[in-house]
Amino acid sequence: MRNDLRPRRTGAVRTRLLSVTGGVVAVGVVGSLLLWHAQLGDMLGLAADKEPVVSSVSAPAVGAPPATKPTHTPTHSPSTPPKTTRTPKPPKKPVRTTKVSAEESIDGLSPKLKARLKRAMAAAKADGVTIRITSARRSATKQQRLLNEAIKKYGSYKLATRWVLPPKYSAHVLGKAVDVGPAAAMTWLNKNGWRYGVCRRYDNEPWHFEALTAPGTKCPPREPHAVAKSD
């Protein structure tokens, strides 16, 4: 009886072992398939998350470069107005760099001498000669100062008055005399002044002129030098 039962039990054990082994193998295969499927799903998911890059450049025509939208570059900040270049306008009148003193102006002269001298200066300019006023009307104070300096220079009142008269006798203080320069102006006015009634008065002062005659009339003979009336 025991010998008959052993083979049967051995076969049953083998059958159970094969069933278990097959189940394990099946479970392993199914697990491998599930793992591979999961990995494949992850890969497909990652690929699905990435969106394809679409170029903003439109399709070019045959033989033509791709069409792109023009880019506008601002030339200035919206808050800052654009700078404009302006051409500076030239001054209407030339700027004089040196100021003319009262003595270098003919405004203080007598109306007769002023009018005659204007015409003479215009004529001289037409001949290419510029007459400059070096001294016109003087104040009595300045005339006295010049006389005092002349007395110190020449050593006496008599000699000094040959060049500078006292204020009460001076034609400069009265606005009836004018000193001119440079030498070319002295020469031109001495030669042509009579046409305008302007004459040189003293031999020792080629720069000193007065209205001594009517325009177009010959000038009177010159005096050697000035003489104070009190002498």
Nearest heavy atoms of Lys114 and Asp107, plus distance in Å: NZ-OD1, 3.6 Å
Can you tell me which residue pairs pass the disulfide (SG to SG under 2.5 Å) test with a partner in residues 118-186, sequence neighbours excluded? none
With Arg222, which residues qualify under salt bridge (charged side-chain N to carboxylate O under 4.0 Å, His left out), at least two apart? Asp203
For Arg138, is there an ion pair with Asp179 - N to carboxylate O distance below 4.0 angstrom? yes
Taking Arg201 first and then Glu210, would you say they form a salt bridge - that is, a charged N and a carboxylate O separated by under 4.0 Å? yes
Heavy-atom side-chain contact between Phe209 and Asn190 under 4.5 Å: yes
Quick one: list whatever passes side chain to side chain donor-acceptor pair (under 3.5 Å) with Trp188, sequence neighbours left out. Asp127
Across all chains, not counting sequence neighbours, the ring pair (Phe, Tyr, Trp, His ring centres under 6.0 Å) partners of Tyr202 are His208
Please enumerate all residues that pass side chain to side chain donor-acceptor pair (under 3.5 Å) together with Arg145, with sequence neighbours excluded. Glu149
How would you list all residue pairs meeting disulfide (SG to SG under 2.5 Å) that involve residues 123-217, not counting sequence neighbours? Cys199-Cys219
Apply side-chain contact (heavy atoms from CB on, under 4.5 Å) to Arg162 and list each qualifying residue two or more places apart in sequence or on a separate chain. Leu159, His225
Of all residues at least two apart in sequence or in a different chain, which pass the side-chain contact (heavy atoms from CB on, under 4.5 Å) check with Thr217? Thr213, Ala214
Can you sort out the partners of Arg119 under side-chain contact (heavy atoms from CB on, under 4.5 Å), two or more places apart, ordered by chain and number? Ala115, Arg116, Tyr196
If you look at every heavy atom in Ala120 and Leu189, which pair is closest and at what distance? CB-CD1, 4.0 Å
Please examine the side chains of Gln144 and Asn148, heavy atoms only from C-beta on, and report whether any two atoms are closer than 4.5 Å. yes
So do Arg195 and Pro215 actually touch side chain to side chain, heavy atoms under 4.5 Å? no
Under 3.5 Å, is there a donor-acceptor pair between the side chain of Thr161 and the main chain of Tyr157? yes
Partners meeting side chain to side chain donor-acceptor pair (under 3.5 Å) with Glu205 (sequence neighbours left out): none
Would you kindly confirm whether Val164 and Val180 end up in one hydrophobic cluster when ILVMFWY residues are joined by side chain heavy atoms under 4.5 Å apart? yes
State, to 0.1 Å, how close Val173 and Ser139 come at their nearest heavy-atom pair, and which atoms those are. CG2-O, 4.2 Å
Residues at least two apart in sequence or cross-chain that pass salt bridge (charged side-chain N to carboxylate O under 4.0 Å, His left out) with Lys142, listed by chain then number, are Glu103
Side chain to side chain donor-acceptor pair (under 3.5 Å) involving Ser110 - partner list, sequence neighbours excluded: none
Do Gln143 side-chain atoms and Leu165 backbone N/O form a donor-acceptor pair below 3.5 Å? yes
